[in-house]
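Below is one structure, written out as structure tokens; comments come after it.
Quick caveat, the model's predicted, so the values are computed rather than measured. In what follows, every chain begins at residue 1, and chains take the letters A, B, ... in the order their sequences are listed.
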Amino acid sequence: MMSAAEELYQALIMERSKAPRFGGRPALFDAQGHGENAMCGDKVQVFWRRGGAVRHEAQGCAIMAASADLMAQAVAGKTPAQVAALRAAFDEMVASGEENPALGDLNALAGVARFRSRIRCARLPWVALDEALKEGQVHG
Amino acid sequence: MMSAAEELYQALIMERSKAPRFGGRPALFDAQGHGENAMCGDKVQVFWRRGGAVRHEAQGCAIMAASADLMAQAVAGKTPAQVAALRAAFDEMVASGEENPALGDLNALAGVARFRSRIRCARLPWVALDEALKEGQVHG
Amino acid sequence: MSAREFNLDEIRKDFPILAQQVHGRALVFLDSAASAQKPRAVIEAMTHVMEAQYANVHRGLHWMSERTSDAYEAARDKVAAFLNARAREEIVFTRNATESINLVAYTYARTALRPGDAVVVSQMEHHANLVPWQILRDAHGVELRIAKITDAGEIDWESLESCFADGKVKLLACTHMSNVLGSYTPAERLAAFAHARGARILLDGCQAIVHRAVDVQAIDADFYVFSGHKLYGPTGIGVLYAKRELLDAMPPFMAGGEMIESVSYERATWAPPPHRFEAGTPAIIETIGLGAAIDYVRAIGFEAIAAHERALTEHGLKMLAGIEGVRVLGAAQDRGGVLSFTMPDAHAHDIATLLDRQGIAVRAGHHCAEPLMGRMGVSATARASFALYTTREEVDALGEGLLRIRRIFR
Amino acid sequence: MSAREFNLDEIRKDFPILAQQVHGRALVFLDSAASAQKPRAVIEAMTHVMEAQYANVHRGLHWMSERTSDAYEAARDKVAAFLNARAREEIVFTRNATESINLVAYTYARTALRPGDAVVVSQMEHHANLVPWQILRDAHGVELRIAKITDAGEIDWESLESCFADGKVKLLACTHMSNVLGSYTPAERLAAFAHARGARILLDGCQAIVHRAVDVQAIDADFYVFSGHKLYGPTGIGVLYAKRELLDAMPPFMAGGEMIESVSYERATWAPPPHRFEAGTPAIIETIGLGAAIDYVRAIGFEAIAAHERALTEHGLKMLAGIEGVRVLGAAQDRGGVLSFTMPDAHAHDIATLLDRQGIAVRAGHHCAEPLMGRMGVSATARASFALYTTREEVDALGEGLLRIRRIFR
Ligand SMILES: Cc1ncc(COP(=O)(O)O)c(C=O)c1O
Ligand SMILES: Cc1ncc(COP(=O)(O)O)c(C=O)c1O
């Protein structure tokens, strides 16, 4: 039996939260952002390099950690404006539960919509990225 | 029709509250006491003369004013110890509603027992008298 | 908000308690200004929470907690819409209006005001809008000034002007409707007056909110407070409205769970408003009950409510004028359904006791406005107050009751 | 208090919500330490007030007000008897335990303590018993010291000794039962310890009061606080017990109606305790509801409740020990029905979400004890907590749920 909850914790999320492809603090980066969920202690650092390479250090639940890794993958090479558009689409998707072809692998998180308290877990890395991009703009 | 309330406001109470026999500040007294009900603004001053003559200035509801006048009548010539005993009997009577032959005219207030919020109106003059007697003892 | 037809018979059926008897007589409840009775919709909303959907809020990831948090926060939306606040974050839940005012006195006034600044209140404030400022004065070195009212029970603008004359006043704290005199104050004009002189305004809306639509933006109120229990809602829940920028700058009042962002053994950082001001487990059931009360009142509509209460008030004033010796306190142009009065010989307590035995509940005393009693030259009054469920027949019953009392005291 | 037989099936029928389904599954509510569900007796007591006997308290001379005041004050008697207080005047009603602690911090501590004095709390306090003291420290210049706990989650007496060594400590504020570790603290020993060193003691009884009979005289507690909503009562009502002589000396916290003796425009004098600390219209309906909750709990009896919960806790500990990788926080000798745990890989939030989908409500996060998380070396835990209505089958359901989660995260 595969319940909604188990669907949410589907292969891609489990895989990316356990073995992130974009994890770790890079030697070089141009800006960083921080996200924290005071309620549960989830924490994420996002490191941004001009040109759009993003890495993260995510400490927390599977949804947040997978979201961070899938985000890093999705925004690679994107301009800040493109990132903003993607974030808006992502926010919409996790709120509505409706997949969006433009979001690619990020759609793995569509199931979060049914777990309302967890939506902010999925969004936390994006908050951190936003902070990094703002810092990047000031410094750039 | 004579309701319980109207019984309470029976002739004696109305008479004594409107035309007190022991009202007014005397020229000579040995101690005074003050009683105040913050809730309604009722106020009473009690003036005590060694030997047991009591007068009062009562500003407030009919029950309090009548109680002050009936009290002054009842305690006339009594020693502080006798007054204390009378007060105890009075407190008991207004709480229980049971008349007590020892209380004489004070029994006119027995009906107060059925109006619990008003019991303290009936007791207020006695509180003031108690204060006067304490002052009298200190000075005496 | 579509108003349902104002059918008094139907409305009275919404309030189970109105069918009660007291001393063998039908209850005539004319003490709604102290606290109003509760419609079935409020009782059922509270029961529903406890029977079907309850858990602590904000803390849980599970269904019961999520749904309860939703209902709790939905009540905040209802209050925000009810007051026409700019944002839901401007609504802070407290226990009652008294706490709302104390919260402002402890947090806003102790940081935004400095020793030497002044606070003004009117002569017709409830203790809740007087004593907290006396305490502030003594603790914080600000001055407290009392603006006079006229004999009619209206703001004395000359006196108000002179309170503000030296430019020291930073806060005007004033009732929006007197719980003794029934006077409405012109909230918009007071706000404009205060703002033009560099002061903020707090309005005590405890009574006003029950009888009229209140629009905090139209008034341009800085702070607006009321209690749920007078608005047909439960006890244990009150509201503080404050402009967002004021709340943002205010330090917390009480500390504990929910109001923090993060905590170490050494220090804590504060959550943004409104949660910063809601420490600990809130009055969950009561907040949801307040939401139901607001829905109830809005469904009837303030136009209908105000018209009904205006008619009752006029009728009541006429009735009282017809009883020899009765003196009604206050004669404001703009007055609501609160009638305080005295009778010769019969003290307010005697009146209340004698009416009670006829099943009629009125209040007697100083109505938590003790200094105002002195101002009006009385030590206490009897007060009849009207609600949306009050009938003309009840007002007539009061009149008959008073005539009986006159006979006893004649 | 004659204990009724402990019949779990019957008891569960007293709680309507327990028959609810969540996500198509029978509700398994293991979050009672955050807030407990309400028995019908409480719901009915509140409904009765609103339907049959309601008016504002203390203010009215009429029947409804007198009877409501009686019921309100009778609840005070019930609380006094429940805690074995010396006098009913020692019971102050607040919104919740958080307000009770803040009240002590604002009034007692700001007058009885002087700059340079110190307050001690333990490492396992809820934010409600930590942050108010941080604020006091910053506002009033007292020192705040943190007494350590052992890895088992018990008071570290050596650390406590050293906190008190310089004689500056005037107040020990300590939990009577940790809401995270389940540890009971030895309240009598702590009180004797503090008193021997010239300090007062405040006990946070939020959790303890639910599971055990508390006797404030036997403990010799100076202050004891708890919340109604965890004791099967309504939200919006809490209790502060304090020794009469302490209350007598304390200035008021909030100001307004009911807490004054008399008021002029210039100044006010305070009513005696407890009313001095209950400004404005109190949580009337909720206070009466709390009285009903106390009646309910006493009718079952703490002996039976404690035995039932002890069995559940042992069963739960055994169950958790059987699941590979699960770590239970704390191992106090004397522990109650609160089990906080972590699982490898699965974050507390993931555990809570996955259990919720099986109808099982547990809490996840820092449980308003964020610094304690660091002390125990975790960032968050999942927590299952038991009440008098919890069954062994529910504990087993939790075990099965955790095994499923292990399979997902393996
Ligand atoms: C030990 C402890 N102290 C204090 C509190 C605060 O209680 P409340 O939120 O009801 O004020 C709680 C509950 O959250 C608790 O468990
Ligand atoms: C005008 C006014 N202000 C303040 C209050 C205090 O309200 P509460 O007791 O609900 O805090 C009241 C009611 O008693 C009131 O009528």
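- Donor-acceptor pairing under 3.5 Å is recorded for the side chains of D:Glu125 and D:Ser122.
- Checked against D:Thr281 for a side chain to side chain donor-acceptor pair (under 3.5 Å), the options C:Arg95, C:Lys230, C:His229 give a single hit: C:His229.
- Only the side chain of C:Phe29 comes within contact range of chain D, with at least one heavy atom under 4.5 Å from a heavy atom of that chain.
- Classified by interplanar angle (parallel below 30°, tilted 30° to 60°, perpendicular above 60°), the ring pair C:His366/C:His127 is tilted.
- With a threshold of 4.5 angstrom between heavy atoms, D:Ile135 approaches chain C through side-chain atoms but not through N, CA, C or O.
- Scored by the salt bridge (Lys or Arg N to Asp or Glu O under 4.0 Å) test, C:Glu370 finds no partners at all (sequence neighbours excluded).
- Proximity to chain D (any heavy atom under 4.5 Å) is restricted, for C:Gln20, to the side chain, taken from C-beta onward.
- Proximity to chain D (any heavy atom under 4.5 Å) is restricted, for C:Asn102, to the side chain, taken from C-beta onward.
- For the side chain to side chain contact (heavy atoms under 4.5 Å, CB included) with D:Leu130, the lone residue among D:Val121, D:Leu372, D:Asp204 that qualifies is D:Val121.
- Separation of the D:His126 and D:His367 ring centroids does not fall under the 6.0 Å cut-off.
- When heavy atoms are compared at a cutoff of 4.5 Å, C:Leu61 approaches chain D by way of both its backbone and its side chain.
- For C:Arg363, there are no salt bridge (Lys or Arg N to Asp or Glu O under 4.0 Å) partners two or more places apart in sequence or in a different chain.
- Of the two parts of C:Ile146, only the side chain, counted from C-beta on, holds a non-hydrogen atom closer than 4.5 Å to a non-hydrogen atom of chain D.
- Only the side chain of C:Met64 comes within contact range of chain D, judged by heavy atoms closer than 4.5 Å.
- Interface remark: C:Ser264 contributes backbone atoms only to the contact with chain D (heavy atom separation under 4.5 Å).
- If you measure heavy-atom distances from C:Glu51 to chain D, the contacts under 4.5 Å come from both the backbone and the side chain.
- Residue contact with chain D, scored on non-hydrogen atoms closer than 4.5 Å, is absent for C:Ala369.
- Contacts of D:Val57 with chain C are absent, with no heavy-atom separation under 4.5 Å from either backbone or side chain.
- Aromatic pair D:Tyr72/D:Phe93: centroids less than 6.0 angstrom apart.
- Residue D:Met46 touches chain C through its side chain alone, counting heavy-atom pairs closer than 4.5 Å.
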